[in-house]
There are 2 protein chains.
Amino acid sequence: MSDAKPRAWKAGRFVAPPKLPPPTPIVDLSDAEMRAAQDLLFFGYRDFTDVADKVLEELGLGRAHHRALHFIGRNPGIKVSGLLKTLRISKQALARVLNALVDQGLVGQAAGFDDRRLRLLTLTDKGHALEQHLFDAQRDRIAAAYRAAGPQAVAGFRTVMRGLTDKGARAYMDGIGSAEDT
Amino acid sequence: MSDAKPRAWKAGRFVAPPKLPPPTPIVDLSDAEMRAAQDLLFFGYRDFTDVADKVLEELGLGRAHHRALHFIGRNPGIKVSGLLKTLRISKQALARVLNALVDQGLVGQAAGFDDRRLRLLTLTDKGHALEQHLFDAQRDRIAAAYRAAGPQAVAGFRTVMRGLTDKGARAYMDGIGSAEDT
DNA sequence: CAAATTAAGTCAACATTGCTGACCTATTTC
DNA sequence: GAAATAGGTCAGCAATGTTGACTTAATTTG
């Protein structure tokens, strides 16, 4: 790339080294900083989920229902096994939630075309409306935080959060729709 | 503050407006972006807590115990009421956890000096060791994410996470030690 | 084609962690 | 001395997670 050959050292006048922006400035990884991050994650997640929980409470649904609605809405036609991998809960725990959602007409099922053993999950209109309602509450909170922080901060936020996640989750987020291996 | 009086408009030569860095560049607040943030928070929090949960499992303790240990360690001498406000759980739910920790010699109590009704909570040596052990697991994960992301991203992460939290939690984080009103 | 595998569902029992209501005990404050 | 405050405790219930064992239907494989 560069034609510059190594130059021999030549004693002479003092020349101030070029003031480059620190190339990869050191990140503060002190315990204090790491514990502050723990706090941030705890409070951030708590307050982020709280706004949806308040809506759910009035409807007699729980956070688990919300999670299922969210991921079905985001991955229409997701298989039961896909949802299990995404949520990382047992088949029985999911069944309780999923049955409630189907009973209430929020989630619909369709047999797979090639493989009729599969139950492909989708939101019904009613389910979509509820999910949208829950989303609205959280969207407002995220939007306010994003707007106040500015685009650079948002990019940083995404980078760090992404770094906290497992490989599988990262792959999932890269290709929404293939909700396997999370 | 300023002596400038409103100046009348005076027609004249065209002068290019000063090229400022875009004042507050637009942040992407589309639904897609907001939903991606939901995903990030879900997976990030899940995987962040998972590493500590694995340690806790071996010890027969739960996430609730970890939270108590964390906030007592971070705020030595915290009052029971302070912990209640921070964790936002009921007195009875906290009692169950706290009694277990005291019984196992992980947390110590001391009556307040001025007001002897208060139970000031601290970690015992044993409790401190356990908390440190749990911290280590999460620290590694955060440190890796921070290191890979770089200081600018970390600053952005903190800004956004802070923006997601309630006023009370922000006040708490500003003045660690006064764990009230969270 | 019969056998094995896979996707999903179900029943039962249990643990953790949250909740409310009701009530008790010290201690401090008015 | 009465009222308020900080904390503790008992009892019961709800949401959400777990494991184990078993069933059914559909697909794949030898």
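This is a predicted model, so every value here is computed, not measured. We use all heavy atoms of the structure for the numbers below, so side chains are in, but hydrogens, waters and symmetry mates are not.
Between Arg141(B) and Asp166(A), at least one side-chain nitrogen of the basic residue sits less than 4.0 Å from a carboxylate oxygen of the acidic one, meeting the salt-bridge criterion.
dG17(D) atom P lies 14 Å from atom CZ of Arg88(A), rounded to whole Å. Nucleotide dA15(D) holds its P atom 19 Å from the CG atom of Leu87(A), rounded to whole Å. If you measure from atom NE2 of His65(A) to atom P of dA15(D), you get 8 Å, rounded to the nearest angstrom. With rounding to whole Å, Asp50(B) atom CG is found 13 Å from dG17(D) atom C1'. To the nearest angstrom, P of dA15(D) lies 15 Å from CD1 of Ile89(A). With rounding to whole Å, Asp53(B) atom CG is found 12 Å from dG17(D) atom C1'. In this structure, Leu101(A) atom CG and dA15(D) atom P are separated by 13 Å, rounded to whole Å.
A 4.5 Å side-chain heavy-atom check between Leu87(A) and Phe42(B) finds at least one atom pair inside the cut-off.
At a threshold of 4.5 Å between side-chain heavy atoms, the hydrophobic network of Ile, Leu, Val, Met, Phe, Trp and Tyr places Leu61(B) and Val55(B) in one connected group.
Distance check, rounded to the nearest 0.5 Å: CD of Gln138(B) to CZ of Phe48(B) gives 3.5 Å.
Judged as a salt bridge (Lys or Arg N to Asp or Glu O under 4.0 Å), and not counting sequence neighbours, Arg119(A) has no contacts. When the side-chain hydrogen bond (donor to acceptor under 3.5 Å, both in side chains) test is applied to Glu33(B), the partners found at least two apart in sequence or on another chain are Arg158(A). Under the side chain to side chain contact (heavy atoms under 4.5 Å, CB included) criterion, Ala64(B) pairs with Arg67(B), Val97(B), not counting sequence neighbours.
Remark: of the listed residues Arg162(B), Arg88(B), Arg170(B), Lys167(B), Arg88(B) is the sole one forming a salt bridge (Lys or Arg N to Asp or Glu O under 4.0 Å) with Asp47(A).
Side-chain contact, Asp50(B) with Tyr45(B): no donor N or O sits under 3.5 Å from an acceptor N or O.
Along DNA chain C, read 5' to 3', the first and last nucleotides having any atom under 4.0 Å from a heavy atom of chain B are dT17(C) to dT28(C).
Ring planes of Phe157(B) and Tyr146(B): perpendicular class, angle over 60° (limits at 30 and 60°).
For the segment residues 105-119 of chain B, the set of residues with a heavy atom within less than 4.0 Å of an atom of DNA chain C comprises Asp114(B), Asp115(B), Arg116(B), Arg117(B), in numerical order. For the contact set between residues 91-98 of chain A and DNA chain C, defined by any heavy atom under 4.0 Å, the members are Lys91(A), Gln92(A).
Shortest non-hydrogen contact noted between Arg35(A) and His70(B) is O-CE1, 4.2 Å.
Within the structure, every side-chain polar atom (N or O) of Ser90(A) is placed at least 4.0 Å from both OP1 and OP2 of dT19(D).
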